[in-house]
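Notes to accompany the following structure.
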Amino acid sequence: MTKILDFGRCLNPLGMPGTVKDALATALENPPEEPADFQFTELRGIIAQRHGTNERCIAVSSCEDELIALLASGASGVRRALLPVPCPAAYETALRRAGIEIIKFQLHYKHKFRIPRGALAAALKDCDMLIMGNPAWPSSALMPPAELLAELDRWIEGGGWLILDERSIDFTYGSITNSLWSALRSEPRVALIRSFSDSLALTLCPLSYAVGGAAWIGSVRAAQFAPAVSPLAHFLIPALKELANFRGQTVECVTHLMPRLVGRLRRISGLKPLPHDANWVLCRLERDGWNAVSLAEQLKNCGILIHPCIDGCCFTLGLRAPIETDRFIKAAREILMPKNRVH
């Protein structure tokens, strides 16, 4: 049976680290006799240590989108939110459910769907909240922390609420040095989203968290159903203490493999990979008779999934292990360049 590959997911090409794999195997073989702490106090404490704060500033979840929705609902007095688009549908859903008016900040192809310098600060006028990703989805665009902080600093001081989705920060060229946390950790109306789910390949036990002001995070935790994550997460605590080396290996792997992937994509007729800053690339298909939707239909017959986005001419392509990337390249070339098919 052909293995189905979903290139819309942004996974770590290194897979799950051995320490995490061993921890989960131990948990499944020797389940605890004592009831689990469904407040996950120790787990939140370990995560808090990574950020130089305390567990009251941490909320865990098995889903990043849940955290974003609860943060939006828990932001008191917010009337109007700026939403750079394109972005994940979950951002808009969260704001609508919270009853917050959405001001869309349209990003354009001529800028490669990146925010021009100075444009964000100007767009935030009269807005109480900002939700954005860094790196952003689907563009894979990362605003350097100093540049982003310069755009946001005065607005935050003036009372703005920021939800910054950094779930893919571990895959950027610089990893956590690209985070805004160290600069904004004392701001009560700032919350960052982080995730271990993709970086540690935690399919069995997804784990993400929000870090921010204690009162805001407290409102999130009060609204969650227990348990917020799988009880298996308790067994990850020792492994989470020893992630520095694996994080460095991940960055090295992405740095090595992404240029090779982009170079191969550029040799496929009509396929244009856009500049990228993480472990996926936004591709645009510019060819008569083809768009991302029709390409997705053909690739599905090969057991390969891509997810068209924006105007139906773009799709995201996540970095995978070389053998899986080879399969995509071969299938895409045979579909888009049939005269070059190898018999």
For this session: Could you walk me through whether His307 and Phe315 pass the ring-ring contact (aromatic ring centres under 6.0 Å, His included) test, one step at a time?
Result: CA-CA 6 Å; His307 302 278; Phe315 64 93; 10.0 Å; no
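When the shell of 6.0 Å around CG of Asn245 is examined, it contains 12 or fewer heavy atoms from other residues, nucleotides or ligands. Atom CD of Glu42 has 12 or fewer neighbouring heavy atoms from other residues, nucleotides or ligands inside a 6.0 Å radius.
Scored by the ring pair (Phe, Tyr, Trp, His ring centres under 6.0 Å) test, Tyr91 finds no partners at all (sequence neighbours excluded). Among residues two or more places apart in sequence or in another chain, the ring pair (Phe, Tyr, Trp, His ring centres under 6.0 Å) test is passed with Phe196 by Tyr209. For Trp137, the ring pair (Phe, Tyr, Trp, His ring centres under 6.0 Å) partners at least two apart in sequence or on another chain are Trp280. For Arg56, the salt bridge (charged side-chain N to carboxylate O under 4.0 Å, His left out) test picks out no residue, with sequence neighbours left out. Annotation: ring pair (Phe, Tyr, Trp, His ring centres under 6.0 Å) contacts of Phe328 (sequence neighbours excluded): Phe7. For Arg185, the salt bridge (charged side-chain N to carboxylate O under 4.0 Å, His left out) criterion is met by no residue, not counting sequence neighbours. Listed by chain and residue number, nothing satisfies the salt bridge (charged side-chain N to carboxylate O under 4.0 Å, His left out) test with Arg154 (two or more places apart in sequence, or in another chain). In this structure, the salt bridge (charged side-chain N to carboxylate O under 4.0 Å, His left out) partners of Glu64, at least two apart in sequence or on a different chain, are Arg167.
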Which donor-acceptor pairs under 3.5 Å do side chains of residues 10-22 form with protein atoms, sequence neighbours excluded?
| residue | atom | partner | partner atom | Å |
| --- | --- | --- | --- | --- |
| Asn12 | OD1 | Leu14 | N | 2.9 |
| Asn12 | ND2 | Ser199 | O | 2.8 |
| Asn12 | ND2 | Thr250 | OG1 | 3.0 |

Would you mind writing out the side-chain donor-acceptor pairs for residues 81-90 within the sub-3.5 Å range, not counting sequence neighbours?
none

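Using a distance-only test at 3.5 Å, with no hydrogens or angles considered, no donor-acceptor pair links the side chain of Asp165 to the main chain of Gly133. Thr172 places no side-chain N or O within 3.5 Å of a backbone atom of Ala278 that could act as its donor or acceptor partner. Side chain of Gln224 to main chain of Val60: a donor-acceptor pair is present (N/O by atom type, distance under 3.5 Å, no hydrogens or angles). Between the His108 side chain and the Phe113 main chain, no donor and acceptor come within less than 3.5 Å of each other. Put simply, the side chain of Ser197 never gets that close to the backbone of Leu202: no donor and acceptor are under 3.5 Å apart.
Checked for salt-bridge contact, Asp128 and Arg189 miss the test: no charged N lies under 4.0 Å from a carboxylate O. With respect to the salt-bridge test (charged N to carboxylate O, under 4.0 angstrom), the residues Arg79 and Glu101 do not qualify.
Between Arg194 and the choices Ser208, Ser179, Ser168, the side-chain hydrogen bond (donor to acceptor under 3.5 Å, both in side chains) rule is met once, by Ser179.
Defined by atom type and a distance below 3.5 Å, a donor-acceptor pair is present between the side-chain atoms of Gln39 and Arg221. No side-chain donor-acceptor contact under 3.5 Å links Asn30 and Thr26.
The salt bridge (charged side-chain N to carboxylate O under 4.0 Å, His left out) pairs that include a residue from residues 233-255 are Asp170-Arg247, where partners are two or more places apart or lie in different chains. For residues 310-329, the salt bridge (charged side-chain N to carboxylate O under 4.0 Å, His left out) pairs, not counting sequence neighbours, are Lys3-Glu324, Arg264-Asp326, Arg284-Asp311, Arg320-Glu324.
Using a 4.5 Å heavy-atom cutoff, the side chains of Leu120 and Phe105 are in contact.
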